[in-house]
Amino acid sequence: MSSESPEDKKRIEDAAKQPAVLEALVDALSDGSRRGRQQAARIIAGVAREDPELLVGHGAALVDALERPEAQTRWECLEALTRIIPLDARVCEKAIPGAETALFDEGSGPLRLAAMRFLCALGATTEKRSEKVWSLIDEGIQCWHGDLEFQDMLLAVIDFSQGKLAPEVKKALGDRMRFDATNGRGMLKKRASQIVENVS
């Protein structure tokens, strides 16, 4: 979510090439300094964008970092976790409670959006996981409908609707989005219609 400065790009490259540098960044996620945690999380999210495989094995530390008070550390770690779902979904499942707290954080739009993206990506992997996260996704759709991040949240829900969903989740998702598909306007109507079509 953050734009990378040349300095960040260099730090991401170093972390990607040197396991010790990456290890130090992961350790910094539990550091006492808020600023240190945020900077480490930003670089880790950058590494996840470049090569998520490098973070397999660090999933537990990323999950733990969802307990930190500052929003940025949490949204960067959620972004990194979202990228390692295809590689290590089992560890990512442990992030559901942290993602739930993030999804309903009234103070940070980027944090809520990162949580929705994570839950949708995780839920799309198996029918069982879709059942596990559906109530949170459903509540998020209702809670943040019309918010600034809602259109981007819907893009994550579109991806979710194309995943391996349990039949009852498909039905519930279709029911949830049908009103907007029928009565919405513009992009909202278009995205809601696509979701309904995907689960029909």
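Heavy atoms only: backbone and side chains are in, while hydrogens, waters and symmetry mates are out.
Residues Ile12 and Gly46 come closest through the heavy atom pair CD1-CA, 3.6 Å. The minimum heavy-atom distance between Val21 and Ala15, with the atom names listed, is CG1-CA, 3.8 Å. In terms of heavy-atom proximity, Leu55 sits nearest to Ala80 at CD1-CB, 4.2 Å. Counting all heavy atoms, side chain and backbone alike, Val26 lies closest to Ala61 at CG1-CB, 3.4 Å.
Environment of CD in Glu53: sparse, with no more than 12 heavy atoms of neighbouring residues, nucleotides or ligands closer than 6.0 Å. Atom CD of Gln142 has more than 12 heavy atoms from other residues, nucleotides or ligands within 6.0 Å. More than 12 heavy-atom neighbours from other residues, nucleotides or ligands sit within 6.0 angstrom of NZ on Lys189. Within 6.0 Å of CD in Glu70 there are more than 12 heavy atoms belonging to other residues, nucleotides or ligands.
Thr182 is linked by a side-chain contact (heavy atoms from CB on, under 4.5 Å) to Arg178, counting only residues two or more places apart in sequence or in another chain.
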Can you list the steps and then say if Glu131 with Val169 is a side chain to side chain contact (heavy atoms under 4.5 Å, CB included)? CA-CA 6 Å; Glu131 291 170 333; Val169 173; 4.0 Å; yes
What do the steps show when you test Gln194 against Met177 for side chain to side chain contact (heavy atoms under 4.5 Å, CB included), and what is the final call? CA-CA 9 Å; Gln194 191 177 343; Met177 297 311 300; over 6 Å; no
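The aromatic rings of His145 and Phe150 sit tilted, their planes meeting at an angle between 30° and 60°.
Between Pro69 and Arg34 there is a side-chain heavy-atom pair separated by less than 4.5 Å. Under the 4.5 Å side-chain criterion, counting only non-hydrogen atoms from C-beta, Met153 is not in contact with Ile141. Counting only heavy atoms from C-beta outward, the side chains of Ile44 and Cys77 never approach each other to under 4.5 Å. At a threshold of 4.5 Å between non-hydrogen side-chain atoms, the residues Glu127 and Pro167 count as touching. Side-chain atoms of Leu78 and Leu111, non-hydrogen and from C-beta on, do get closer than 4.5 Å to each other. Contact annotation: the side chain of Ile195 never approaches that of Phe160 to less than 4.5 Å [non-hydrogen atoms, C-beta and beyond].
The backbone N or O of Leu103 sits less than 3.5 Å from a side-chain atom of Trp144, completing a donor-acceptor pair. Counting only distance, with no hydrogens or angles, the side chain of Thr101 and the backbone of Pro97 share a donor-acceptor pair below 3.5 Å. Within the 3.5 Å criterion, the main-chain N or O of Asp31 finds a donor-acceptor partner in the side chain of Arg37.
Placement of Phe179 and Leu154 in two distinct hydrophobic clusters is found when ILVMFWY residues are connected by side-chain heavy-atom separations under 4.5 Å, directly or transitively.
Evaluation of the salt bridge (charged side-chain N to carboxylate O under 4.0 Å, His left out) test over residues 143-163, restricted to residues two or more places apart or in two chains, returns Arg112-Asp147, Arg112-Glu149.
To the nearest 0.5 angstrom, Ile43 atom CD1 is 4.0 Å from Asp8 atom CG.
Looking at Asp64 and Arg68, a side-chain N of the basic residue comes within less than 4.0 Å of a carboxylate O on the acidic one, giving a salt bridge.
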